[in-house]
Amino acid sequence: MAGIREIDKALFPIKNISSVIQLFKNQLEDACEPDLALLSIVAGAVENSLTCRSNAGLQVCEPVEPTSLPVLELHTIEALYSKFQTIMKSAVEPNKGFKSYATRELVKKVSDVVWNSLTRSYYKDRAHLQSLYSYLTGSKLDCFGVAFAVVAGCQALGYSDVHLALSEDHAWVVFGERGTETAEVTWHGKGNEDKRGQEIGKGVSARSWLYVNNKPVICTRHMEVAALVSAINPSLNATHDAFEVALLQQELLWLLYDLGHLKKYPMAIGNLGDLEEIAPKEGRIACSILFEEAISSARTYYNNQHVYPYTYQGGYFYRNKMYKEAFESWANASDVIRLYNYSRDDEEIYKEFLEIANELIPHIMKVESSGFSANTILKKPECFANLLRFYDGICQWEEGSATPVLHIGWAKPLVNTISKFDAEVRAQVDIVCGRPEDGVSKRANGGYFNNNNYEKENGTSDTDLLSSFSSKTLKDDQSTSNFHPSIEAL
Ligand SMILES: FC(F)c1nnc(N2CCN(c3ncnc4sc(CC(F)(F)F)cc34)CC2)s1
């Protein structure tokens, strides 16, 4: 990068949110590519000034304009910006004139520069460790932050082929002439040896949710800006958000949305949906539409191999007491996870399903069976059908996996939930078994099960896999059009 442009310098000193928006607008709409280092430093500085212990108290007590910010001086940003340039250029040969493509050695070297400049030991899961501001002022980064810093470093060195690759719980980089080379550049989870420099999982990890069956979000520069904006963390403490930071994040996500840079980024759309649910913007589409858009993005661009779009939507339905709809979203999430083998790197999504099965669904059962709601879901066969589909997906997830998923802790809430549906409601759900040629082998006891290792090992695409699932999908005489395709109307 050639340094901070005059048009952007003119926005300083930054005193309010609209100046930050204008800076992002300049960078995003401009011909050349957005400067990741500049935008990450500015976003991090704003977040830090409004959420970190030091002056957070000041903000809370002084009544301030909703969009005013602690003043951000140009010299502060320039100093950090040139510090980043110096760190990168003193350690790695810049790519004069953007001529060549990055190599694995180059990417590993940039990752080493970041890695070796981090504080020896610190609490990695803390908030506000995702930006270059955190890296340059505190020498601390979280897992995402390291990957982002490597991509920003490669941009600063003139390698425009190095891009961020994102799964639902990990980040790595792609590079090379066709952008098909991959490299780990950061760590994942606790106590796992990092695999930095290596190609992305070819072995067993390839079938783990962590690598989303090789359907990660491959970022453009503009989508890398969307990633840094998504990673903005407005939390002040465990219970409160700094509303100016949340407002800034929401405005920036709408800017990126309007420019079309969230189209292939389901989690960023989901993040915007969450912010809109809390503080809906005048004249904007409803958050429920955003959650649907995130789902269709994942279905369109990522072969429906992502779980979070469904759990974003399920969470929204749950918070708004739309329990029938929540069951459908969670059953759809379960239809995604059933395609994977559970591996120890998948703790995050395991915790997500555990919370749904053992906290959220039992809470719904309690509320629905104590209340006098005539319209109770306990009378709805499609709710029972979706619940079974939800649990069935988790069972299938476990099948063929080296690590078990279910344990006795799952059984009690499961039995409790199922038993809340009366026999005549359960009887209306018809569990149909399919034909052996559907890749379904006959079980001794007359039932059918999918020899799912066949599907898992041969990467059967979703559709024919699900058609073989129709062999054991749940049928229901109240089938609605929005039922999962594998559940046919009677
Ligand atoms: F499913 C809902 F309940 C969720 N609510 N928040 C969810 N998040 C919050 C935002 N989030 C994300 N949002 C945008 N982009 C990314 S890239 C990524 C993986 C890693 F951090 F890079 F390693 C995570 C992530 C992770 C998922 S899912």
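One is the number of the first residue; the rest follow in order along the sequence. All ligand and atom numbering here is 1-based and tracks the order in the structure. Note that this is a predicted model, so its numbers are computed, not measured.
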Checking a contact table here: which protein heavy atom is nearest [atom], and how many Å away?
atom: atom 15 (N) of ligand 1; value: Tyr265 OH, 2.7 Å
atom: atom 9 (C) of ligand 1; value: Tyr312 OH, 3.6 Å
atom: atom 22 (F) of ligand 1; value: Phe144 CD1, 3.4 Å
atom: atom 13 (N) of ligand 1; value: Asn271 ND2, 3.2 Å
atom: atom 16 (C) of ligand 1; value: Met267 CE, 3.5 Å

Distance-only N or O hit between ligand 1 and His170, under 3.5 Å: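 N/O-N/O distance below 3.5 Å does not exist for this pair.
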Polar atom proximity, Thr311 to ligand 1 (N or O, under 3.5 Å): no
- prompt: Which pairs, with at least one residue in residues 133-151 and sequence neighbours excluded, count as a side chain to side chain donor-acceptor pair (under 3.5 Å)?
  reply: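 Residue pairs passing side chain to side chain donor-acceptor pair (under 3.5 Å), neighbours aside: Ser117-Tyr135.
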query: Does Tyr310 come within less than 4.0 Å of ligand 1, judged by its heavy atoms?
result: no
field: Ser167 near ligand 1 by a heavy-atom separation under 4.0 Å
entry: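 In this structure, Ser167 qualifies as a contact of ligand 1 - some heavy atom is under 4.0 Å.
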- prompt: Which atoms from ligand 1 have a heavy atom of Glu352 less than 4.0 Å away?
  reply: 1 (F), 3 (F)
message: Testing Val217, Val151, Leu228, Val185 one by one against Leu164 for a side chain to side chain contact (heavy atoms under 4.5 Å, CB included), which residue passes?
response: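 Exactly one option meets the side chain to side chain contact (heavy atoms under 4.5 Å, CB included) with Leu164, and it is Val151.
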query: In a check of side chain to side chain donor-acceptor pair (under 3.5 Å) between Tyr310 and each of Asn332, Asp335, Asn304, which one passes?
result: Asn304
field: Lys NZ or Arg CZ of Lys124 over Tyr122 ring: under 6.0 Å, within 45°
entry: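 Yes, Lys124 and Tyr122 form such a contact.
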- request: Assess Arg196 against Trp187: is NZ or CZ under 6.0 Å from the centre of the six-membered ring, and within 45 degrees of the ring's axis?
  value: no
message: Just to verify, which of Trp397, Trp410, Tyr342 counts as forming a ring-ring contact (aromatic ring centres under 6.0 Å, His included) with Phe353?
response: Trp397
